[in-house]
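The figures that follow rest on heavy atoms only: side chains count, while hydrogens, waters and symmetry mates do not. Residue numbers start from 1 in every chain, and the chains themselves are labelled A, B, ... in the order their sequence lines are given, proteins ahead of strands.
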There are 2 protein chains.
Amino acid sequence: MKECEAKDYQQAHKKEMRAVQDSMDVLSGKWKIAILSSICYYNKRRFSDILHDVEGISNKMLSKELKELEINKLVNRSVMDTQPITVQYELTEHGRTLQTIINHLTAWGIEHRKKIIGE
Amino acid sequence: MKECEAKDYQQAHKKEMRAVQDSMDVLSGKWKIAILSSICYYNKRRFSDILHDVEGISNKMLSKELKELEINKLVNRSVMDTQPITVQYELTEHGRTLQTIINHLTAWGIEHRKKIIGE
DNA sequence: CGGGATCCTTACTGATACTG
DNA sequence: CAGTATCAGTAAGGATCCCG
């Protein structure tokens with residue numbers, strides 16, 4: 001391989017890594033995926049419902065994570081005009097494109113557990 | 001939906017969430033995927049090479065992350081009998097099963113960047 | 001109900017230096 | 001070369017209370 005080709009090769013690789021990092025920046029952390037999973041499983045979900053679905057999360061964390069997900073346009077927040085106020089969260093179209101990845105992660109997680117813990 | 005069915009529904013969901021969490025526990029963090037990516041891109045890779053590939057990582061972090069990846073049986077560590085000593089890392093068979101997920105994350109990351117930053 | 005503000009503890013990280 | 005050790009700063013996360 002010529003030097004310039006090696007360089008291109010490495011450049012391509014770095015680009016890929018940046019892309020994966022971008023994804024992980026959005027998705028990693030203790031709660032994000034669980035929250036997304038809860039919302040998309042039920043289609044629409046209220047704050048307190050998610051709080052209940054995701055075991056162990058505090059309201060502070062949930063509030064923070066939902067904000068970040070909203071900034072990244074993965075979820076939509078809509079205040080319902082009820083008494084008292086309720087807030088609905090749902091996945092955006094962009095958020096729904098994560099479905100495939102979440103499914104793969106689910107499948108892989110099950111296999112992984114078998115391999116590591118179950119032996 | 002009867003109550004018992006609703007319960008099953010929720011139980012199934014919790015199981016899925018745990019699986020995804022298991023995956024994320026292994027993969028999330030600032031460096032793991034970049035390290036895996038570096039190793040599998042070159043097939044076999046030495047400590048100092050990875051240190052160079054993954055921009056910004058410190059040797060301490062790399063050492064720690066590699067240890068965790070080894071514990072999770074995603075990479076194999078082999079000490080080469082050279083002078084001075086070199087250490088080769090490569091993906092295990094189990095580690096290679098992550099390829100699909102990494103590819104998806106790459107593709108999604110590119111789309112996400114377009115959507116969020118590039119607008 | 002859906003959060004925000006505060007305080008506090010721990011986990012994560014980086015920089016630097018050192019060893020076999 | 002491939003790590004370990006130490007120190008110190010930052011950020012993540014939990015608990016609790018408060019507000020419209």
S.K.: Between D/dA12 atom P and A/Glu65 atom CD, what is the distance in whole Å?
M.R.: 9 Å

S.K.: If I take atom CD in residue A/Gln83 and atom P in nucleotide D/dG20, what distance separates them, rounded to the nearest angstrom?
M.R.: 15 Å

S.K.: Look at B/Tyr89 and D/dC1 and indicate whether a side-chain polar atom (N or O) is within less than 4.0 Å of OP1 or OP2.
M.R.: no

S.K.: For the pair B/Ser28 (side chain) and A/Ser28 (backbone), establish whether a donor and an acceptor sit closer than 3.5 Å, ignoring hydrogens and angles.
M.R.: no

S.K.: Going by the rule salt bridge (Lys or Arg N to Asp or Glu O under 4.0 Å), which residues pair with B/Lys73 if we only count those two or more places apart in sequence or in a different chain?
M.R.: A/Glu119

S.K.: Please give the angle, rounded to 10 degrees, between the axes at the start and the end of the helix from C/dC1-D/dG20 to C/dG20-D/dC1, where five pairs define each axis.
M.R.: 50°

S.K.: Restricting to salt bridge (Lys or Arg N to Asp or Glu O under 4.0 Å), what partner residues turn up for B/Lys32, sequence neighbours left out?
M.R.: B/Glu65, B/Glu68

S.K.: Can you list the residues that meet the side chain to side chain donor-acceptor pair (under 3.5 Å) rule with A/Gln99, with sequence neighbours excluded?
M.R.: none

S.K.: So which of residues 24-61 of chain A are in contact with DNA chain C, with a heavy-atom cut-off of under 4.0 Å?
M.R.: A/Arg46, A/Phe47, A/Ser48, A/Asn59, A/Lys60

S.K.: A/Leu62 has an atom CG; how far is it from atom P of D/dG13, in whole Å?
M.R.: 13 Å

S.K.: Is B/Ser63 close enough to D/dT4 that one of its side-chain N or O atoms is under 4.0 Å from OP1 or OP2 there?
M.R.: yes

S.K.: What residues, two or more places apart in sequence or in another chain, satisfy side chain to side chain donor-acceptor pair (under 3.5 Å) together with A/Ser63?
M.R.: none

S.K.: Listing request: all side-chain hydrogen bond (donor to acceptor under 3.5 Å, both in side chains) pairs with a residue in residues 87-97 of chain B, at least two apart in sequence or in separate chains.
M.R.: A/Trp108-B/Thr97, A/His112-B/His94, B/Arg77-B/Tyr89

S.K.: What pairs meet the salt bridge (charged side-chain N to carboxylate O under 4.0 Å, His left out) rule with one or both residues in residues 10-24 of chain A, with sequence neighbours excluded?
M.R.: A/Lys14-B/Glu55, A/Asp22-B/Arg113

S.K.: Under the salt bridge (Lys or Arg N to Asp or Glu O under 4.0 Å) test, which residues partner A/Glu111, sequence neighbours left out?
M.R.: A/Lys114

S.K.: In Å and rounded to the nearest 0.5 Å, what is the CG to CG distance from B/Leu105 to A/Leu98?
M.R.: 9.0 Å

S.K.: With sequence neighbours excluded, tell me which residues meet side chain to side chain donor-acceptor pair (under 3.5 Å) with B/Ser78.
M.R.: none

S.K.: Sequence neighbours left out, cut at 3.5 Å: what donor-acceptor pairs do the side chains of residues 35-43 of chain B make with other protein atoms?
M.R.:
unit_1	atom_1	unit_2	atom_2	d
B/Ser37	OG	A/His13	NE2	3.0
B/Ser38	OG	B/Asp53	OD2	2.6
B/Tyr41	OH	A/Tyr9	O	3.0

S.K.: By a strict heavy-atom criterion of less than 4.0 Å, which residues belonging to residues 66-79 of chain A are in contact with DNA chain C?
M.R.: A/Lys67, A/Arg77

